[in-house]
Amino acid sequence: MFTLALVSALAFGCSAGDDTTRLWIGPELVECEGVAPMMCLQVAYSEDDEYELFYDEIAGFEPLEGTSYVIDVKITEVENPPADASSLEYALVDIVEEN
């Protein structure tokens, strides 16, 4: 489901520029289970979407608990990722909105 949402976001207009994707970040980190228990961001791929758990990190992005964000990120495909790691790498391009 996450991959489908990401592909949709990349293909259908959540793009803020040629190679960036816009993400809506919820104000609270939530407990989630990846390889081990961890805290996850809540991310939506458009303003009207429901939040989904986001298990990856966004390089350069240090969210403050209780603050919502709209951010632009660059997503790069990782060649030959480890079996327990994501095949995508995220990097902050811009913080568009913060409240």
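Residue numbers start at 1 and run along the sequence shown. Predicted model, so just to flag it, every value in this text is computed and none were measured. Both backbone and side-chain heavy atoms feed into the values below; hydrogens, waters and symmetry mates do not.
- With sequence neighbours excluded, no residue forms a side-chain contact (heavy atoms from CB on, under 4.5 Å) with E57.
- Here CH2 of W24 is found 8.5 Å from CG of D48. Values are rounded to the nearest 0.5 Å.
- In terms of heavy atoms, G60 sits closest to L92 at O-CD2, 3.3 Å.
- With sequence neighbours excluded, the residues that form a side-chain contact (heavy atoms from CB on, under 4.5 Å) with V93 are T20, D72, K74.
- Sorted by first then second residue, the disulfide bond (SG atoms under 2.5 Å apart) pairs that include residues 47-99, not counting sequence neighbours, number zero.
- Here the closest non-hydrogen pair linking V78 and L88 is CG2-C, 4.1 Å.
- Residues I71 and R22 are not in side-chain contact: their nearest non-hydrogen atoms beyond the backbone lie 4.5 Å or more apart.
- S86 approaches D56 most closely through the heavy-atom pair CB-OD1, 2.9 Å.
- Transitive grouping of hydrophobic side chains (ILVMFWY, heavy atoms separated by less than 4.5 Å) keeps V35 and M39 in distinct clusters.
- For the residue pair I58 and A91, the shortest heavy atom distance occurs at CG2-C, 4.1 Å.
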Handout entry: Worked check of side-chain contact (heavy atoms from CB on, under 4.5 Å) between L29 and E65
Key = CA-CA 7 Å; L29 294 172; E65 189 80 14; 3.6 Å; yes
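- Distance check, rounded to the nearest 0.5 Å: OG of S87 to CG of N80 gives 11.0 Å.
- Pairs passing the disulfide bond (SG atoms under 2.5 Å apart) check and including a residue from residues 22-99, sequence neighbours excluded, read C32-C40.
- Distance check: L53 CG to E31 CD gives 11.0 Å after rounding to the nearest 0.5 Å.
- With contacts defined as side-chain heavy-atom distances shorter than 4.5 Å, the pair E98/T67 qualifies.
- The side-chain contact (heavy atoms from CB on, under 4.5 Å) test applied to N99 returns S68, E97, not counting sequence neighbours.
- Sorted by first then second residue, the disulfide bond (SG atoms under 2.5 Å apart) pairs that include residues 56-99, not counting sequence neighbours, number zero.
- To the nearest 0.5 Å, atoms CG (L23) and OH (Y51) are separated by 11.0 Å.
- For P37, the side-chain contact (heavy atoms from CB on, under 4.5 Å) partners two or more places apart in sequence, or in a different chain, are E33.
- Residue I25 holds its CD1 atom at 5.5 Å from CG of L41, rounded to the nearest 0.5 Å.
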Handout entry: Q42 vs V30, side-chain contact (heavy atoms from CB on, under 4.5 Å): CA-CA, chis, key distance, verdict
Key = CA-CA 7 Å; Q42 298 180 74; V30 296; 3.4 Å; yes
Practice task
Let me see the working for Y69 and F61 under ring-ring contact (aromatic ring centres under 6.0 Å, His included), right down to the final yes or no.
Solution key: CA-CA 10 Å; Y69 298 88; F61 182 57; 5.0 Å; yes
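- Taking each heavy atom of E28 and G66 in turn, the nearest pair found is OE2-CA, 3.6 Å.
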